[in-house]
Amino acid sequence: MHRYQIRYLNSQGTLMRILSTVSRRGLDLPYVYAQPNGGEHRLTLYIESSPKMIAQMCRDWRATVDVLEVSEPEEVDPKDVPEYDSAQTVSA
Amino acid sequence: MPTGADIVWACLSAQGVDTVFGYPGGAVIPLYDALDGSGIRHILTRHEQGAVFAAEGYARATGKTGVCIATSGPGATNLITGIADAKMDSVPLVCITGQVRSALIGTDAFQEIDVFGMTLPITKWSRIVRSAAEIPDVLAKAFYIANSGRPGPVLIDIPTDFLKAVINVAVPGHYEPPPVSSSVNSFPTANLLSLLRQAQRPVVLVGAGVKLSGATQAAQRLLNRLRIPAGATVHALGVIPSEAPYSLGMVGMHGTRAANMALHETDLLVVLGARLDDRVTGDPSRFAPEARIVHFEIDPSQLDRVRRGELAVIGDLAETIPQFLQVLDGNELPDFSAWRETACGESRAEVRTRGGALPAIRFLDELYALMPPDGVVVADVGQHQMWAAQRYRAMNPRGFLSSGGLGSMGFALPAALGAQLARPEATVLCISGDGGVQMNIQELATIQRFKLPVKLLIMDNKYLGMVRQWQQLFYDRNYAETDLSDNPDFVAIAEAYGIKSAKLGIDRSSETGLPPNTNDVMRDFLFSPEARLLVFECPPEANVFPMVPSGAALSEMLLEEKEA
């Protein structure tokens, strides 16, 4: 499991383009969290994928209009995928 | 006071647009109502797919951004294949769709469809316009994005009430692109020289990026300086002089034996603006197995896609190829002449004739010999496309247009009319199969309405030929649903549109397989000032060789069919 963090401008469709980069590969999206961050947005994704797909997706995201930065993916233990937290949702 | 529709036309005009392709419908009536007096020529196609392919042909022939217009709902969905085609082949397009009134969006109103959502994965950028006032800035951004970096399609969806709204807004709009870091200071001179000096069997692979960047002449200077074997993808035909001693011809599934063998044997592959898709690489895991790869590319997302490269040179080829040339100035390279003679020599030429395909190949050779060098060939998708590509020799980087990445049958006829409008002085030869031509044959009406002298060649083998070839070679000749022996009379169809037509068949008594009047018929066809159709009846079971079977390595290409 890998965690990805993506900074992007919240223009029409940018989030969906980021997500369809994942879905077109038939991958599940067990965790998606997007929040405003100043004048931009920050997206956190957890995805189970192969090293080849990781590299492909990062390249595709970086080529997406209005994506500002794609951080290097971090390997995480699947049990560390955050649970749904209504308090976090409200506070964000 | 102008309306939103007036603003759209004014913005298009400000972008230098002189021709658009489209098809009216309810949601775009206001746009068409404002067309008169805009100074922009509208080409009414007979299907929205014809409009988007025609816009592609216009863009591919010139490098300018093509523009097409469709109404909401089915008009918009009919654009989708063309938009995907443009995305795959990096064609700059601005597609404008009408949408239902803004208040009705999301209510499943008549002819409402979420074309924005449908096209997200196949557009470079898109926008649902949210007010008439933002039209100028949205269009400014659309044109910038469509034709910057790696070109591609954008879609602008405009609710019909914004087209009707009266608005006072400045034209043209403004878009400030984000700053781009220059590659000038980061050219990897030492690494590149080191790799070249270590190489024993270097090869250059030229892709469409060279012509898209306007770097054809720089690339030719580079190849003349390097003088190492060089092959081209189907979209880069016309960049490498075919008579050059380093020319390998076309690479890939139906590429030349020389090109594919060189790619398999190379120990250093220099890629100039090619994305290395599977039709070029064959089995990616066995592509250029001994090669270190140097990849010149404008779009970082195309790097390391099939194989990890040794060195990436990111940037516009119009900048990076001249930098490469500067590196070579004053720096000696090893003598690659022995390798060049091996890779490009006679021993690597196709050694056998091509059986049933010979008449088709000879026919194309004879026709190409009559084509002016600045003519434009627009090929559809299938066997005829590959024969047309294999035999293309002209030095014209925008002279061979085809749907490569998506492989869209029905592309050629509307794309040819778009190319003809872009290049009115040029001979435009549209080569289609009997299957593909029937997918957009209604565009003969567009050709006739605008008196476009497009020359349409149908290579009629009464099959979906490429599928049939695969069925023959890999599915025990189970020709399931590929028989088109009940084709209509294409000559009669064209005549019904008012287009003069002729037909040629195989002459088995002739040494070439072609009838003795072939050259006369070709001249009449090609040199007419009007549109013409020529039907060439091909042998039904002729095949395209060489062929790299799907999933095979390039070195495993089939050179001829096995005897039955």
Side-chain angles (χ1 to χ4, degrees), chain A residues 2-29 32-34 36-45 47-75, chain B residues 84 87 90 99 105 114-131 134 137-138 141-142 144-158 175-181 275-276 284-285 295 297-309 312 314:
Chain A
H2 285 82
R3 178 172 58 212
Y4 303 81
Q5 296 201 315
I6 301 171
R7 286 173 47 229
Y8 66 98
L9 296 178
N10 194 34
S11 55
Q12 285 179 14
T14 304
L15 176 59
M16 296 309 294
R17 282 179 215 276
I18 294 169
L19 297 181
S20 72
T21 295
V22 182
S23 61
R24 71 174 291 198
R25 293 176 164 84
L27 300 175
D28 293 330
L29 279 162
V32 179
Y33 187 74
N37 181 31
E40 56 196 48
H41 270 61
R42 199 170 88 169
L43 173 68
T44 304
L45 300 171
I47 304 168
E48 184 74 60
S49 58
S50 67
K52 185 176 178 183
M53 281 191 183
I54 290 171
Q56 286 178 350
M57 289 190 298
C58 287
R59 285 194 297 272
D60 284 352
W61 287 327
R62 290 185 179 115
T64 302
V65 172
D66 289 337
V67 166
L68 304 173
E69 183 186 10
V70 179
S71 63
E72 288 300 313
E74 299 168 65
E75 190 159 6
Chain B
K87 179 73 158 47
S90 309
Q99 185 52 277
I105 290 176
D114 176 15
V115 70
F116 175 85
M118 287 176 165
T119 56
L120 276 171
I122 55 169
T123 50
K124 198 174 166 190
W125 183 74
S126 49
R127 176 82 183 176
I128 301 173
V129 170
R130 291 197 293 213
S131 73
E134 73 172 28
D137 288 351
V138 166
K141 184 172 180 178
Y144 176 82
I145 289 176
N147 217 339
S148 62
R150 181 186 179 197
V154 304
L155 180 129
I156 306 301
D157 197 34
I158 311 179
Y175 173 65
E176 186 68 38
V180 179
S181 59
R275 62 189 176 88
L276 300 179
S285 67
H295 203 153
E297 176 60 52
I298 197 168
D299 178 3
S301 73
Q302 298 307 313
L303 299 173
D304 303 336
R305 197 168 273 274
V306 294
R307 274 275 305 283
R308 187 154 188 83
I314 305 295

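The figures here come from the full heavy-atom set of this structure, side chains too, leaving out hydrogens, waters and symmetry mates. Each chain gets a letter, A, B and so on, in the order the sequences are listed, and its residues count up from 1.
- In this structure, the side chains of Leu9(A) and Val65(A) stay at 4.5 Å or more apart for every pair of heavy atoms.
- Going from atom CD1 of Ile54(A) over to atom CD1 of Ile47(A) covers 8.5 Å, rounded to the nearest 0.5 Å.
- With contacts defined as side-chain heavy-atom distances shorter than 4.5 Å, the pair Ile122(B)/Leu155(B) does not qualify.
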Using only distance, no hydrogens or angles, which N or O donor-acceptor pairs sit under 3.5 Å between chain A and chain B?
from: Gln12(A); atom 1: OE1; to: Ile128(B); atom 2: N; distance (Å): 2.6
from: Gln12(A); atom 1: NE2; to: Ile128(B); atom 2: O; distance (Å): 2.8
from: Arg17(A); atom 1: NH1; to: Leu120(B); atom 2: O; distance (Å): 2.8
from: Arg17(A); atom 1: NH1; to: Thr123(B); atom 2: O; distance (Å): 2.9
from: Arg17(A); atom 1: NH1; to: Thr123(B); atom 2: OG1; distance (Å): 3.0
from: Arg17(A); atom 1: NH2; to: Ser126(B); atom 2: OG; distance (Å): 2.5
from: Arg59(A); atom 1: NE; to: Leu303(B); atom 2: O; distance (Å): 2.6
from: Arg59(A); atom 1: NH1; to: Leu303(B); atom 2: O; distance (Å): 3.3
from: Arg59(A); atom 1: NH2; to: Leu303(B); atom 2: O; distance (Å): 3.4
from: Arg59(A); atom 1: NH2; to: Asp304(B); atom 2: O; distance (Å): 3.2
from: Asp60(A); atom 1: OD1; to: Arg305(B); atom 2: NH2; distance (Å): 2.8
from: Asp66(A); atom 1: OD2; to: Lys141(B); atom 2: NZ; distance (Å): 3.4

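- Residue Leu120(B) touches chain A through both its backbone and its side chain, counting heavy-atom pairs closer than 4.5 Å.
- Side-chain contact between Met53(A) and Leu27(A) is present, with at least one heavy-atom pair separated by less than 4.5 Å.
- The line from CD of Gln5(A) to OG1 of Thr44(A) is 4.0 Å long, rounded to the nearest 0.5 Å.
- Of all the heavy atoms in Val22(A) and Asp28(A), the pair that sits closest is CG1-O, 4.3 Å.
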